[in-house]
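Encoded as structure tokens, the structure appears first; notes follow it.
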Amino acid sequence: MSNEDLMQKIVSLCKKRGFVFQSSEIYGGLKSAYDYGPLGVELKRNIMAEWWKAMVHEREDIVGIDASIIMKPDVWKASGHLSSFTDPLVDCLICKERFRADKAEVVEQGSDAVISFSDKGKAKVALETLEKMGHDLKRNGKEITGATAERNYVCTNCGSPFLSEEKNFNLMFKTSLGAVDNKNEIVQMLLDNKDLSKNELIKKIEDIESKSAVYLRPETAQAMFVQFNNVMNSMSMKLPFGIAQQGKSFRNEITVEHFIFRSCEFEQMEMEYFCYPEQSKEKMEYWKETRFNWYIDRLGINKEKLRLRAHDDDELAFYSDSCYDVEYAYPWGWDELEGIASRTDYDLKQHEKHSKVKLQYFDAERINPETGKKGMHFTPYVIEPAAGATRTTLMVLIDAYDEEPGVDGKEGRTVLRLLPRLAPIKVAIFPLVKKDGMPDKARTIAKRFTEKGINCKYEEQHAIGKRYRRHDEIGTPFCLTIDTQTMDDDTITIRYRDDMRQERINIEDALSIILEKLN
RNA sequence: GCGGGUGUGGCUCAGUGGUAGAGCUCCAGUCUUCCAAACUGGCUGCGUGGGUUCGAUUCCCAUCACCCGCUCCA
């Protein structure tokens, strides 16, 4: 099976069996937006619950929060997202290349511009385009000359000075808080300033808009820095300690791709681990190992398909002193699942600077080198394991997908070999046939599972074989079947998804056997 | 954003300038006692908007979405 086929099959299975649907499908769909169906929501929640269990419940040193998605814009000014998330993008009108104006090589305004192409043919086509635009230029082989640089940069690809206007592309979703409509104010400003240039007017409109502008968070991390004091004080946290959060984040991605892998609305599982500066190296080692192993031990992912990759120096954000990505071998290649970044004391210090509120830790035992006495305030360093819940869900589906060919003239089957703990439905309970009191008996048994918090599904339609195969396809690890013998001696058959093996067991034992296999 | 491809019932696909079929699924019934059984009957569709035409699912244009590659990815 080719990799492209695999992705198509996953996407198709997701829709067919109720894992993931295209958002707003009946209206033609919305780019990069997906809805989780009845089984998808179970799977995603199970994955996120595993994370929460491992990162919060099972640990003394980490606590969770659930912050609001919209925060005061000052947060994003301090974090740097407002400025660095805004890229001035320009399109080349000749070669169609899109590039960042601030990253283009600087040239002298008014100097001669040479537009060059990889071959004569492309140059010829470009010359025709330019003629249609009303420019009379000369072509010499692969190059076109005679144009003048109108700005202090030209196209990074072909050197053309014929460019679109700079468009500010903000990676954060902007909206406005409050029911007030500022259109009147904008119109009045325009009427009052008819003599201003276009750029000056844009600036003024932005000023008006910014009064009510708020942003959807592009990451969950900032709330954990902003609430540092509240969490530390209310929970009496002692260094090193962590704050964890799961939730939706939003980014106006330039390119969205690979189904739910990169989408504008996505879900994160992030944790900020605060520590003494001198501990940060050791904690980095600890977290990258811990997080890597989580995928193997707690999600049951194939070890061979996971790797830990250190960022090159040129990949590192300026405030970060080291960063590792947990990557998975997706059908399209190795790609990111989680980033574990050492962020130094950058974030807390930024917020301290902007909010004028001290975001520091007080250690009563530590000797302050300045005074030589016990007791010292300082800004902790932070290690941030930031995982994508959405892409983890996709990865789990891909990793679990398997097809078995049919043997002895029997139909082949599709199996999701999910770890039982992650399966949307843990147990399916069937009456062998729909009569002789079997349905009632089966329902009674199903109730005993749901009462224990195990997601259990009763089903009676179709033939028994079809029910088994359908549950293989959605990853249900156990099927229990009630037959005539059950009515006599209270035994049932348990059928295992992975090898289709069947065993006859007592009803009384079913619950404990399955509970054991779920842990 | 660029280039290429795709869009036909729930799924996978076929097909035609005269409003469409198959397999599977689904629903009802008969029958069925363990791995997608059989039989009978039934529901559901040409992504959207324009244009050409007597007539468009088919041709043209636009648009939306998805896939592949490039670009981008704090």
Side-chain angles (χ1 to χ4, degrees), chain A residues 2-5 7-9 11-18 21-34 76 79-87 89-92 94-100 103 156-157 164 167 169-172 218-219 221-222 249 251-259 261-262 264 315-320 331-332 335-336 339 341 343 386 404 406-408 410-414 430-436 438 461-473 479-487 492-497 499-502 504:
Chain A
S2 78
N3 286 331
E4 199 172 322
D5 283 349
M7 263 318 269
Q8 268 167 15
K9 281 174 175 169
V11 173
S12 175
L13 178 89
C14 278
K15 179 175 183 183
K16 191 164 84 176
R17 294 300 183 208
F21 307 123
Q22 169 96 63
S23 163
S24 318
E25 195 186 72
I26 62 167
Y27 288 106
L30 177 65
K31 190 204 294 197
S32 154
Y34 294 92
W76 309 114
S79 70
H81 287 89
L82 251 181
S83 52
S84 68
F85 254 47
T86 310
D87 300 331
L89 293 179
V90 177
D91 292 314
C92 174
I94 306 307
C95 74
K96 306 295 180 194
E97 180 81 358
R98 167 173 285 188
F99 60 94
R100 282 176 62 165
K103 288 229 172 139
T156 51
N157 181 45
S164 73
K167 279 171 251 176
F169 192 91
N170 194 302
L171 266 24
M172 282 197 290
E219 60 173 31
Q222 293 306 319
S249 294
R251 293 180 198 179
N252 253 323
E253 297 285 357
I254 295 171
T255 309
V256 291
E257 58 190 352
H258 305 311
F259 193 38
F261 180 80
R262 169 172 287 125
C264 295
E315 272 181 281
L316 288 175
F318 67 91
Y319 50 76
S320 178
W332 61 88
D335 216 333
E336 187 185 351
R343 296 174 70 109
E404 280 181 3
V407 284
D408 301 334
K410 287 180 179 171
E411 292 262 0
R413 61 172 191 150
T414 300
F430 310 137
L432 186 58
V433 287
K434 248 194 288 189
K435 59 181 187 187
D436 302 335
M438 289 182 211
Q461 78 273 43
H462 307 303
I464 187 77
K466 203 174 258 191
R467 288 180 236 161
Y468 286 147
R469 298 305 181 88
R470 219 181 77 85
H471 276 278
D472 287 339
E473 211 174 39
C479 295
L480 301 179
T481 300
I482 279 73
D483 57 18
T484 353
Q485 196 182 329
T486 313
M487 311 309 283
I492 52 178
T493 50
I494 178 166
R495 184 262 193 191
Y496 299 98
R497 173 197 69 199
D499 51 11
M500 300 194 276
R501 191 163 49 86
Q502 285 181 306
R504 191 146 204 110

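For clarity, every value in this text was computed on a predicted model and none was experimentally measured. Letters A, B, ... mirror the listed sequences (proteins, then strands); counts begin at 1.
The side-chain heavy atoms of R495(A) and D472(A), taken from C-beta on, include a pair separated by under 4.5 Å. The side-chain heavy atoms of Y468(A) and M500(A), taken from C-beta on, include no pair separated by under 4.5 Å. Residues K31(A) and V256(A) are in side-chain contact: their nearest non-hydrogen atoms beyond the backbone lie under 4.5 Å apart. Under the 4.5 Å side-chain criterion, counting only non-hydrogen atoms from C-beta, T486(A) is in contact with R504(A). Between M487(A) and I482(A), some side-chain heavy-atom pair lies under the 4.5 Å cut-off.
Residue contacts for F21(A): at a heavy-atom cut-off of 4.0 Å it reaches no nucleic acid atom on any strand shown. In this structure, R495(A) reaches the bases: a heavy-atom distance under 4.0 Å links it to at least one base atom across the strands shown. Residue contacts for E25(A): at a heavy-atom cut-off of 4.0 Å it reaches no nucleic acid atom on any strand shown. Contacts of T484(A) with the nucleic acid, taken as non-hydrogen atoms under 4.0 Å apart, include base atoms. At the heavy-atom level, S32(A) lies under 4.0 Å from the strands shown only through sugar-phosphate atoms. Using a 4.0 Å heavy-atom cutoff across all strands shown, R262(A) reaches at least one base atom of the nucleic acid. If you check every strand for non-hydrogen atoms under 4.0 Å, L30(A) touches sugar and phosphate atoms only. Base contact: E473(A) has a heavy atom under 4.0 Å from a base atom.
Note: CD1 (I464(A)) to P (U33(B)) measures 12 Å, nearest angstrom. Taking atom CZ on R17(A) and atom P on U25(B), their separation rounds to 10 Å, with Å as the unit. Spacing between atom CG of L171(A) and atom P of C73(B) amounts to 9 Å, rounded to whole angstrom units. At whole-Å resolution of the value, CG in L432(A) and P in C34(B) are 6 Å apart. The separation between F259(A) atom CZ and C67(B) atom P is 8 Å, rounded to whole Å. When rounded to the nearest whole Å, the span between CG of D483(A) and P of C35(B) equals 13 Å. Rounded to an integer number of Å, the gap from CZ of R470(A) to C1' of U25(B) is 10 Å. Rounded to an integer number of Å, the gap from NE2 of H462(A) to P of C31(B) is 18 Å.
The side chain of E253(A) has C73(B) as its nearest neighbour among C34(B), C73(B), C35(B). Among the nucleotides U33(B), U71(B), C27(B), the one closest to any side-chain atom of V433(A) is U33(B). Picking from U33(B), A65(B), C35(B) the nucleotide with the shortest atom distance to the side chain of R469(A) gives C35(B).
Checked by distance alone, Q502(A) brings a side-chain donor or acceptor within 3.5 Å of a matching partner on the base of C34(B). For a distance-only test at 3.5 Å, the side chain of T493(A) qualifies as a donor-acceptor partner of the base of C34(B). A donor N or O paired with an acceptor N or O is not found under 3.5 Å between the base of C35(B) and the side-chain atoms of D472(A).
The gap from the C1' atom of G47(B) to that of A65(B) amounts to 8 Å, rounded to the nearest Å. When the C1' atom is used for both C54(B) and G3(B), the distance is 40 Å, rounded to whole Å. With both ends at atom P, the span from G10(B) to C26(B) equals 14 Å, rounded to whole Å. Between U52(B) and U58(B), the two P atoms lie 15 Å apart (nearest whole Å). Comparing the C1' positions of C46(B) and A20(B) gives an interatomic distance of 8 Å, to the nearest angstrom. Taking the C1' atoms as reference points, A38(B) lies 36 Å from U57(B), given to the whole Å. One P atom belongs to C13(B), the other to C70(B), and the distance between them is 24 Å to the nearest Å. Across U8(B) and G69(B), the matching C1' atoms stand 27 Å from one another, rounded to whole Å.
In this model, the phosphate group of U25(B) is approached by a side-chain N or O of K466(A) to a distance below 4.0 Å at OP1 or OP2. Proximity of S12(A) to the phosphate of U12(B): a side-chain N or O atom is located under 4.0 Å from OP1 or OP2. One finds a side-chain N or O of K15(A) lying less than 4.0 angstrom from the OP1 or OP2 phosphate oxygen of C11(B). Distances shown here put every side-chain N or O of H471(A) at or beyond 4.0 Å from the OP1 or OP2 atom of C35(B). Residue Y27(A) places no side-chain N or O under 4.0 Å from the OP1 or OP2 atom of G47(B).
Comparing T255(A) and Y34(A) by the nucleotide of RNA chain B that holds the closest heavy atom to each, the one mapping nearer the 5' end is Y34(A).
Figure legend. U40(B) is base-paired to A28(B); pairs are counted as Watson-Crick or G-U wobble with both atom distances under 3.5 Å. Base-pair partner of C70(B): G1(B) (Watson-Crick or G-U wobble, both distances under 3.5 Å). Pairing of C35(B), defined by two Watson-Crick or G-U wobble distances under 3.5 Å, is not identified with any nucleotide. Under the Watson-Crick and G-U wobble criteria, each requiring two contacts below 3.5 Å, nucleotide A62(B) is paired to U48(B). Pair assignment for C54(B) gives G18(B), based on Watson-Crick or G-U wobble hydrogen-bonding distances that are each under 3.5 Å.
Among the candidates R467(A), R17(A), R497(A), R413(A), the single residue satisfying the salt bridge (charged side-chain N to carboxylate O under 4.0 Å, His left out) test with E473(A) is R17(A).
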> Run the side chain to side chain contact (heavy atoms under 4.5 Å, CB included) check on Q461(A) and R470(A) step by step: do they pass?
Replying inline: CA-CA 11 Å; Q461(A) 78 273 43; R470(A) 219 181 77 85; 5.6 Å; no

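The aromatic rings of Y34(A) and F259(A) stand perpendicular to each other, their planes meeting at an angle above 60°, with 30° marking the opposite boundary.
Between the OG1 atom in T481(A) and the CD1 atom in I464(A) there is a gap of 4.0 Å [rounded to 0.5 Å].
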